[in-house]
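Some notes on the structure that comes next.
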There are 2 protein chains.
Amino acid sequence: MKKKTTIGDIAQQLGISKTTVSFVLNGKAREKHISESLEKKILDHITKVGYQPNQFAQGLRSGKTKIIGMMVEDISDPFFSSVARLIEENAYSRGYKIIYCSTENDTQKTKDLIQIYRTRQVDGYIIAPPPGIEKEINDLIDDKLPVVLFDRTIPGVETSNVVVNNYEAANDAILHFIQNGYRNIGMVTLNSDQVQMQERQEGYIDALKRIKAEPVIKKIIYHDDKENSIREIQSFLTENKQLDAVFFATNYIADNGLESIRNLKLIIPNDIGVIVFDDHNLYRLFTPSITAISQPIREISENSINLMLEMLEDDYDFSSVKSVLLKSSLIVRESSLAKG
Amino acid sequence: MKKKTTIGDIAQQLGISKTTVSFVLNGKAREKHISESLEKKILDHITKVGYQPNQFAQGLRSGKTKIIGMMVEDISDPFFSSVARLIEENAYSRGYKIIYCSTENDTQKTKDLIQIYRTRQVDGYIIAPPPGIEKEINDLIDDKLPVVLFDRTIPGVETSNVVVNNYEAANDAILHFIQNGYRNIGMVTLNSDQVQMQERQEGYIDALKRIKAEPVIKKIIYHDDKENSIREIQSFLTENKQLDAVFFATNYIADNGLESIRNLKLIIPNDIGVIVFDDHNLYRLFTPSITAISQPIREISENSINLMLEMLEDDYDFSSVKSVLLKSSLIVRESSLAKG
DNA sequence: TAGCGTTCCTAAACAGGTTTACTAAAGGTT
DNA sequence: AACCTTTAGTAAACCTGTTTAGGAACGCTA
């Protein structure tokens, strides 16, 4: 492997000092009074030989890595992997790379991962936080490390974040059920205090108040065995035969919920209407097709990376916290139309 | 933010030289004749103060990053994101981190990404290669950089790889169609020369020979507009009304193919039988459920990372190339059973 | 013409590890 | 006692950029 060209080689080839080369490379030619002719000569030569600075030497001196750590709940979840993909694309085009990992919504694993990221000295953190890591996140913030939360926030943590209108979206979904003649609407959600789940639940509860109906909620455990979750949801549906519609609060729950419905041989949307929070391109192809709340994946990605890059600017004022609230929209399909 | 402890601090606190600390940290205590008592003292002290070496300084000197670059076709594809997730998990537990990116099967983008990875000095590359990058991959290999290919190989590139029995799996799928009474079996695949796609196609063609049937193949363009792909597949099915079954060669094609079938109001599996290469947990929930070839995701992941870590060992013999061939299995569901 | 301000550029320090080359002391041999 | 070996440890070079401190040359003013 041929040895890489260093800044010293460049300097030597041009018969100047590496200091001068460094200044030019860092856009400080003007500030440091480098003549335009020399600047041009240096830039031309660098282009010619295809010089690429050594990231370690840069990082060693500057303390910057140009790496952003991204923590999603599960990289194999379609929602998170789509967001990750778009953030990656955007970040790369702006000179940053992303290191992903999956938290599995596990507090301890996430603490470990934050520790790993810290020792890897990532420049910033884009996180869909699991519960119970207020302290670790606040430690990051106290150390003036940029943190952007997305998908959910954490009470007691003040930092920039990008979330969607979970409450309204859930509320709209339930109102849509009501408009289509459903009256006994249940909800299956996670056994979780997390903000986004609470908001979805409240949206559901408040919508039911319009028809003076009582909420009927089943909470399942995130890490539960898949087969067990399915059984739980089946029992729930069996024990609440009055239900004519059900709202699944996540992707993951919906997979199991749809399987439960199938096992019980209930007919969608006649026996039971279905709406899922989080769309999936296969939902359109189900028989009947599945109504879903679609999150604005592109906007979530763009806003997250933009906030992060703002925070990475030298003169960023850490006391200013920006919250971006985006709209999710209900994609009406057959599963929520009784006459579908 | 409190300043980080350096190896110099440790040395100073113990009244010894940082050389000694470095030797102990790198497991060279014996080799460099450091006494056991001093070694223990150093290790204890390091544990106590929670010292973490600076990655840049290490990388600068050693040229190692402990980062493996992974290139998948599309991180938002369920197959690739599942593999990525498992590789990540495994790699982390063994001291390595993974940087993902998506190639979109685009030759130029991949060349750029390889360039980026090279300048980031990743230690190794795990790649699902797009076509047309023999040269870049061979350049990596010539420079003694470890490369593991997965999902597909490239003719003319000799390096460790992990693939599945595409030919047999496709062959079995078609034979299964035949056993279930289908006789006019079409295939929709990508307009691609890539090895894995060719193998799937040959498996299909050879199986048809058993019943002396002629292949009926439609090739669609990878980056084509989704709506356009759907139209193409619809035309194909319309123009070949004799077809009573269709084999979709990937996940991505199947999404569009299933939509085409739905648009044409064909009934699966009576009007047309369906088998998809690559399983998806929602396929089980389709009405009717979709028969699919399921790749051994966990084994693919484990073998890939294991091969990579072997290659990263100091004394690895680059002339030895290991190829791992894993079995995919047909998951029979309703869509391929005419009497389903 | 001494003094000052610019302009243009560089030597050397620095970041925090790893590795080489070397020393001091102890032990063993003849 | 002279010589060699081994043990235990260290000083300094090194990796490649960035940044600080400063020098030389020039023009301008008082």
Side-chain angles (χ1 to χ4, degrees), chain A residues 1-43 45-46 49-66 95 118-121 123 314, chain B residues 1-43 45-46 49-66 95 118-121 123 314:
Chain A
M1 177 168 186
K2 60 180 179 300
K3 208 163 164 326
K4 278 200 67 172
T5 309
T6 72
I7 199 171
D9 298 335
I10 301 286
Q12 212 173 2
Q13 286 155 18
L14 292 172
I16 57 179
S17 84
K18 57 181 192 165
T19 311
T20 309
V21 180
S22 175
F23 284 154
V24 168
L25 251 42
N26 289 286
K28 296 186 181 168
R30 281 300 82 68
E31 183 188 333
K32 298 294 183 178
H33 311 291
I34 309 298
S35 65
E36 283 189 33
S37 63
L38 182 54
E39 182 184 14
K40 184 169 184 324
K41 194 168 144 194
I42 293 172
L43 292 175
H45 188 248
I46 277 167
V49 302
Y51 165 72
Q52 293 278 4
N54 177 305
Q55 307 291 314
F56 292 107
Q58 288 184 324
L60 180 57
R61 185 68 215 217
S62 67
K64 297 287 175 227
T65 62
K66 293 278 183 175
R118 291 195 80 145
T119 71
R120 303 301 185 211
Q121 291 171 258
D123 287 351
D314 284 339
Chain B
M1 177 169 184
K2 60 180 179 300
K3 205 158 165 328
K4 281 199 65 172
T5 310
T6 72
I7 199 171
D9 299 336
I10 301 287
Q12 211 172 3
Q13 286 155 19
L14 292 173
I16 57 177
S17 85
K18 58 180 192 167
T19 310
T20 309
V21 180
S22 175
F23 284 155
V24 168
L25 252 43
N26 290 285
K28 297 186 181 168
R30 279 303 82 69
E31 182 187 335
K32 297 295 182 178
H33 312 293
I34 308 299
S35 65
E36 282 190 34
S37 64
L38 182 54
E39 181 184 15
K40 184 169 184 327
K41 195 168 143 194
I42 293 172
L43 291 175
H45 188 250
I46 277 167
V49 304
Y51 165 74
Q52 293 279 4
N54 177 305
Q55 305 291 313
F56 291 110
Q58 287 185 323
L60 181 56
R61 183 68 216 217
S62 67
K64 295 290 175 226
T65 61
K66 293 274 181 179
R118 290 196 81 143
T119 70
R120 304 302 185 209
Q121 291 173 255
D123 287 351
D314 283 340

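In this text, all values refer to a predicted model and were calculated from it rather than measured experimentally. Letters go in sequence order (proteins before strands), and every chain restarts at 1.
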(message) Side-chain N or O of A:Asn26 versus OP1/OP2 of D:dT18: is the shortest distance under 4.0 Å?
(response) yes
(request) Would you mind classifying the nucleic acid contact of A:Leu25 as base, sugar-phosphate or nothing, using non-hydrogen atoms under 4.0 angstrom? (result) nothing
(request) Hey, which sits more toward the 5' end of DNA chain D by its nearest nucleotide, B:Ile16 or B:Leu60? (result) B:Ile16
(request) Just jot down the salt bridge (charged side-chain N to carboxylate O under 4.0 Å, His left out) partners of A:Lys40, sequence neighbours excluded, or say none. (result) A:Asp44
(request) Report the nucleotide, chosen from C:dA13, D:dT7, C:dT19, that has the shortest atom-to-atom distance to any side-chain atom of B:His33. (result) D:dT7
(request) Taking only the side-chain nitrogens and oxygens of A:Ser35, find out if one of them lies under 4.0 Å from OP1 or OP2 of C:dC8. (result) no
(request) Please determine if a side-chain N or O atom of A:Thr19 lies less than 4.0 Å away from the OP1 or OP2 oxygen of C:dA12. (result) no
(message) On DNA chain D, compare the nucleotides closest to B:Ala57 and B:Gly15; which residue's is nearer the 5' end?
(response) B:Gly15
(message) What's A:Thr20 touching, base or sugar-phosphate or nothing? Going by heavy atoms closer than 4.0 Å.
(response) base
(request) Tell me whether the OP1 or OP2 atom of D:dT19 has a side-chain N or O from A:Lys28 closer than 4.0 Å. (result) yes
(request) Using five pairs at either end of the helix from C:dT1-D:dA30 to C:dT30-D:dA1, determine the angle between the two local helix axes and round it to 10 degrees. (result) 70°
(message) Taking 4.0 Å as the cut-off, does a side-chain nitrogen or oxygen of B:Tyr51 come that near to OP1 or OP2 on C:dG17?
(response) yes
(request) For residues 15-38 of chain B, pull every pair meeting salt bridge (Lys or Arg N to Asp or Glu O under 4.0 Å), keeping only residues two or more places apart or in separate chains. (result) B:Arg30-B:Glu39
(message) Side chain of B:Ser17 only, heavy atoms from C-beta on: which candidate in D:dT16, C:dA12, D:dA11 is closest?
(response) D:dA11
(message) Between the base of D:dG17 and the side chain of A:Lys18, is one N or O donor paired with an acceptor at under 3.5 angstrom?
(response) yes
(request) Answer yes or no: does a side-chain N or O of A:Gln58 lie under 4.0 Å from OP1 or OP2 of D:dT18? (result) yes
(request) Return the nearest nucleotide to the side chain of B:Ser22; candidates are C:dC9, C:dT18, D:dT18. (result) C:dT18
(message) Mind checking if A:Phe23 touches a base, just sugar-phosphate, or nothing, with heavy atoms under 4.0 Å?
(response) base
